[in-house]
Colleague: 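Next up is a structure, given as structure tokens.
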Amino acid sequence: MAAQETGSVSNACLCVLCGLPAAGKSTLARKIFSTAAQSGWRVTVVPYDDLIPERAFRIRAEEESSVKLQEMHTEWKLHRQAVLLCIEQFLMNPEVPQSSSLINSTAWEQCIQALQPHGLKADHAPLLFLLDDNFYYPSMRYEVCQLARKRLLGFCQVYLQCDRESCISRNQSRCQPIPTEVIEEMVKRLESPNPQKNSWEKNSISLNAADSLSECDFQRVMDLISSALSNPLSPAEDNTEQKEADRLKCANSVVHQADQACRRLVSEAMKTAKENQSQPEHMRSLAAQLNESKATFLHDLRKQVLQEVPYIEEDTNVEHIVKKAIEIFEEKKNEILSRTISEHK
Ligand SMILES: *[C@@H]1O[C@H](CO)[C@@H](O)[C@H](O)[C@H]1NC(C)=O
Ligand SMILES: *[C@@H]1O[C@H](CO)[C@@H](O)[C@H](O)[C@H]1NC(C)=O
Ligand SMILES: *[C@@H]1O[C@H](CO)[C@@H](O)[C@H](O)[C@H]1NC(C)=O
Ligand SMILES: *[C@@H]1O[C@H](CO)[C@@H](O)[C@H](O)[C@H]1NC(C)=O
């Protein structure tokens, strides 16, 4: 096989461990590590916190300055990509040291150290990377999935679900505690794996990590990984540009349909107000408020859809997205309407 000739690795799996800080990802990673190593696998934990040391600072800075947010997001993405690139280079050619100025090279060497073959058949032993990070946006996890597709690797995700309070109280007993604001910020942003919405997230399990993990849960994790190892992903067809165009079309279509639905809701609201004998000046004020609320809503929706564009799958159901989104506007509309009517009774 060509893969073997060039010294690259075949049977490998990228396992994403995601969840809030202090949800128990590192503890789980250590447990998987020792079980997998006992089975003769070559396994390593990829600790993003150690590889990208400035990170904690960045998250704090992001909160302070929303102006810089986009910029930092971009930079932060470069660091994550550097980690994935090192993994890819290792898989392609394990003998050549990988390097990147964007990650801590000592930490990376430690990471790779664990993967050195021991024993006779070790060259062919399954290779497992446990990616230990928060991965709070789907787009962050999707980057890993893309690498797995490109290099025909197994891919799976374990989400450790842990409520805010448990994470915060657990943090207290860590040797390098994380500031409360960082945890709070992540609670707001976290979008856990959602196989219904993103078909590429189908190899995911979600574990309740508020208490310590049961043996049964742990077995599910090991089964998930074994199954991912024996079912590597295949490359998505390389019609990238067409897909990009389709996705933009999808985003436009969502916003267009949502706009139509909003108009209907606004005219319904105006009709109701009229039936309830609202005065003309109150009707005008109502129209203006609804109009403004609609504009804000559509603006936010477009932003959100475009943000999701990089990982929207082809089979995305536009009507479903519109329906969910419209519920939010409808609530807002009802609130404005009843406020206007009751204020001027
Ligand atoms: C790089 O990682 C190593 C090992 O984790 C650590 O000892 C060292 O302090 C780190 N260096 C920097 C600049 O953070
Ligand atoms: C984590 O614990 C440290 C000290 O134990 C504390 O200073 C910090 O505010 C805590 N963070 C959270 C998120 O509770
Ligand atoms: C408007 O009037 C209808 C009757 O015409 C009444 O059932 C409804 O509760 C009123 N709506 C509000 C929001 O007051
Ligand atoms: C509705 O809002 C848009 C933009 O926010 C504005 O251009 C338009 O004049 C408004 N229309 C009414 C009827 O208030």
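Atoms within a ligand are numbered from 1 in the order they appear, just like the ligands themselves.
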Colleague: May I ask you to check whether Q110 and T106 show a side-chain donor-acceptor distance below 3.5 Å?
Modeller: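 Note: Q110 and T106 side chains miss the donor-acceptor criterion.
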Colleague: Aromatic rings F329 and F297: how do their planes relate, parallel, tilted or perpendicular, breaks at 30° and 60°?
Modeller: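 Ring orientation, 0 to 90° scale: tilted.
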Colleague: Salt-bridged, K25 to D133, with N to O below 4.0 Å?
Modeller: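 Judged by the 4.0 Å cut-off on N to carboxylate O distance, K25 and D133 do not form a salt bridge.
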Colleague: What I want to check is whether the side chains of D223 and Q219 have a donor and an acceptor closer together than 3.5 Å.
Modeller: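 Yes, because at least one side-chain N or O of D223 sits under 3.5 Å from a partner of the opposite role on Q219.
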Colleague: Taking atom types as modelled, find out whether Q157 and E201 have a side-chain donor-acceptor pair closer than 3.5 angstrom.
Modeller: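 Distance-only check passes for Q157 and E201.
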Colleague: Classify the ring geometry between F155 and W200 as parallel (under 30°), tilted (30 to 60°) or perpendicular (over 60°).
Modeller: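 If you compare the ring of F155 with that of W200, the planes turn out tilted.
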Colleague: Can you give me a line-by-line list of nitrogen or oxygen pairs between ligand 1 and the protein shorter than 3.5 Å?
Modeller:
unit_1: ligand 1; atom_1: 2 (O); unit_2: N104; atom_2: OD1; d: 3.2
unit_1: ligand 1; atom_1: 2 (O); unit_2: N104; atom_2: ND2; d: 2.4
unit_1: ligand 1; atom_1: 11 (N); unit_2: N104; atom_2: ND2; d: 2.8

